[in-house]
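Reviewing the structure listed below.
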There are 2 protein chains.
Amino acid sequence: MHPAPLLKDLDPRLNALVMDLIGRVADKWTMTVLEVLAEAGTLRFTRLAEAVPGVSQKMLTQTLRAMQRDGLLLRTVHPVVPPHVDYRLTDLGLSLGEAFCGVWTWAEVHMERVESARTAFDGRG
Amino acid sequence: MHPAPLLKDLDPRLNALVMDLIGRVADKWTMTVLEVLAEAGTLRFTRLAEAVPGVSQKMLTQTLRAMQRDGLLLRTVHPVVPPHVDYRLTDLGLSLGEAFCGVWTWAEVHMERVESARTAFDGRG
DNA sequence: CAGGATCCCGCCAGATACTG
DNA sequence: CAGTATCTGGCGGGATCCTG
C-alpha cells in the first residue's frame with residue numbers, strides 16, 4: 001500500500017533538497033504555465049500572459065526565468081524587430097507537467113467537496 | 001496527446017477557482033504533511049512536528065488548520081490530561097496525497113538534472 | 001502536550017515608469 | 001514586443017513567551 005519511497009526511509013539531507021525543489025516548482029504560476037505550454041506547445045511572451053489568467057507581467061517573467069534556470073523551459077530569442085521570443089517546455093518540463101496533471105485533475109474533480117468542507121468548518125466556528 | 005481538460009476550454013471563473021485551490025494545497029508543508037500522514041496513518045502533533053523536517057510550530061498549526069478546513073484532515077481531541085490530539089487523513093486527503101505522489105517522485109528522480117541545469121544557467125550568467 | 005498570542009523582519013507581489 | 005528598474009505595502013513565517 002506504499003509503493004513510493006517513504007519520508008523517514010530517506011537521507012534527511014536528500015529529503016530537504018527534494019522539499020526545496022518542490023517548494024520551488026509547486027506554485028500556482030509554474031503549474032499553470034506548465035499546463036498552458038503543455039497544451040499550446042510554443043508561445044511568445046504576450047500570448048503566454050494572455051493564457052495565464054491573472055498573472056502580472058512581473059510574476060510571469062520571474063516564473064519563466066526560474067523555470068528556464070531549472071531546465072523546464074526553453075527560451076528562444078529571434079533577433080528581429082520588434083523582438084520575438086518563444087517559450088516551450090523541455091522534456092523535463094513536460095514530465096513535470098504530466099506529474100502535475102494529476103493534481104490539476106484532483107482540484108477540478110474535488111473542488112466542490114472542498115468548498116462544502118470549508119462551509120461546514122466555518123459554520124462550526 | 002492532450003487527454004486532460006485544457007485550460008482555454010474551461011469556464012474562466014471555474015479556472016480561477018481551480019487555480020486558487022491549487023495555490024492553497026500545492027505548498028511544501030501541505031505536501032509533506034500529506035506524505036507523512038499517508039505513510040504513518042495517524043500521528044499526534046509532536047510526532048508530526050518531528051516527522052516534518054524544518055517546520056515551525058506555527059506553520060505546522062496553520063497547515064493543519066487549513067487542511068482540516070479543506071476536508072483533507074481529521075483532527076481528534078481526546079479529553080485527557082495531558083491533551084492528546086490525533087491527526088489522520090480523510091479519503092479526500094489520501095486522494096490528494098496520491099495525486100502529489102507523482103510530483104514527489106518526479107522531484108526525487110529529476111533532482112540532479114535540475115541541479116545541473118541550474119549550474120549551467122548560472123554559469124552563462 | 002498542543003497550541004494561542006505577540007513581535008518583528010524579510011521578501012513577495014502589485015503598480016508604475018522606462019527601454020532596446 | 002518583451003522585457004528591466006524602482007518603489008511600496010502587505011503578509012509569510014520565524015522566534016519567543018504564555019496557557020489550559
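Here is the naming used below: chain letters follow the sequence lines, and residue numbers restart at 1 for every chain. Keep in mind that this is a model prediction, so the values were computed, not measured.
- Between the CZ atom of R47(A) and the C1' atom of dG3(D) there is a distance of 16 Å, given to the nearest Å.
- Across L92(A) and G71(A), no two heavy atoms sit closer than the pair CB-O, 3.6 Å.
- Side chains of L64(B) and R75(B) form no contact here, defined as non-hydrogen atoms less than 4.5 Å apart.
- Under the 4.5 Å side-chain heavy-atom criterion for ILVMFWY residues, a single connected hydrophobic cluster contains both Y87(B) and V77(B).
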Check the interface with nucleotides 5-12 of chain C: list each N/O to N/O pair with the protein under 3.5 Å, or write none.
none

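- We find that CG of L43(B) is positioned 15 Å from P of dC1(C), with the value rounded to whole Å.
- Note: CE (M19(A)) to C1' (dG13(D)) measures 14 Å, nearest angstrom.
- Using a 4.5 Å heavy-atom threshold, the side chains of R69(B) and R24(B) count as touching.
- Note on R44(A): a side-chain N or O is less than 4.0 Å away from OP1 or OP2 of dA2(D).
- As rounded to whole Å, 8 Å separates atom P of dG14(D) from atom NZ of K28(B).
- Atom pair L60(B):CG and dG4(C):C1' shows a separation of 14 Å (rounding to whole Å applied).
- The stretch residues 74-89 of chain B touches DNA chain C through R75(B), P82(B), P83(B), V85(B), Y87(B), each having a heavy atom under 4.0 angstrom from the strand.
- Residues A26(A) and F100(A) approach most closely at CA-CZ, 3.7 Å, considering heavy atoms.
- Nucleotide dA13(C) holds its P atom 14 Å from the CG atom of L64(A), rounded to whole Å.
- Within the 4.0 Å cut-off from OP1 or OP2 of dG13(D), not a single side-chain nitrogen or oxygen of S56(B) is found.
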Worksheet item: Can you give the dot-bracket line for DNA chain C, where a pair is Watson-Crick or G-U wobble with both atom distances under 3.5 Å, crossing pairs use [ ], and | marks a partner on another strand?
Response: ||||||||||||||||||||
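- Following chains of ILVMFWY side-chain contacts shorter than 4.5 Å, one cannot reach L74(B) starting from L89(B), and the two form parts of different hydrophobic clusters.
- More than 12 heavy-atom neighbours from other residues, nucleotides or ligands sit within 6.0 angstrom of CG on D20(B).
- For D27(B) and dC11(D), the CG to P distance is 17 Å, given to the nearest whole Å.
- When all heavy atoms of W29(B) and T63(B) are compared, the pair lying nearest together is CB-OG1, 3.6 Å.
- Between the C1' atom of dG20(C) and the CZ atom of F45(A) lies a distance of 15 Å, rounded to the nearest Å.
- In the hydrophobic cluster analysis, where Ile, Leu, Val, Met, Phe, Trp and Tyr join through side-chain heavy atoms closer than 4.5 angstrom, L14(B) is grouped together with W104(A).
- In this structure, H84(B) and H78(B) have perpendicular ring planes: the angle between them is above 60°, well past the 30° mark.
- Minimum heavy-atom separation, G97(B) to E35(B): O-OE2, 4.0 Å.
- Contact check, T46(B) against dA2(C): a side-chain N or O comes under 4.0 Å of OP1 or OP2.
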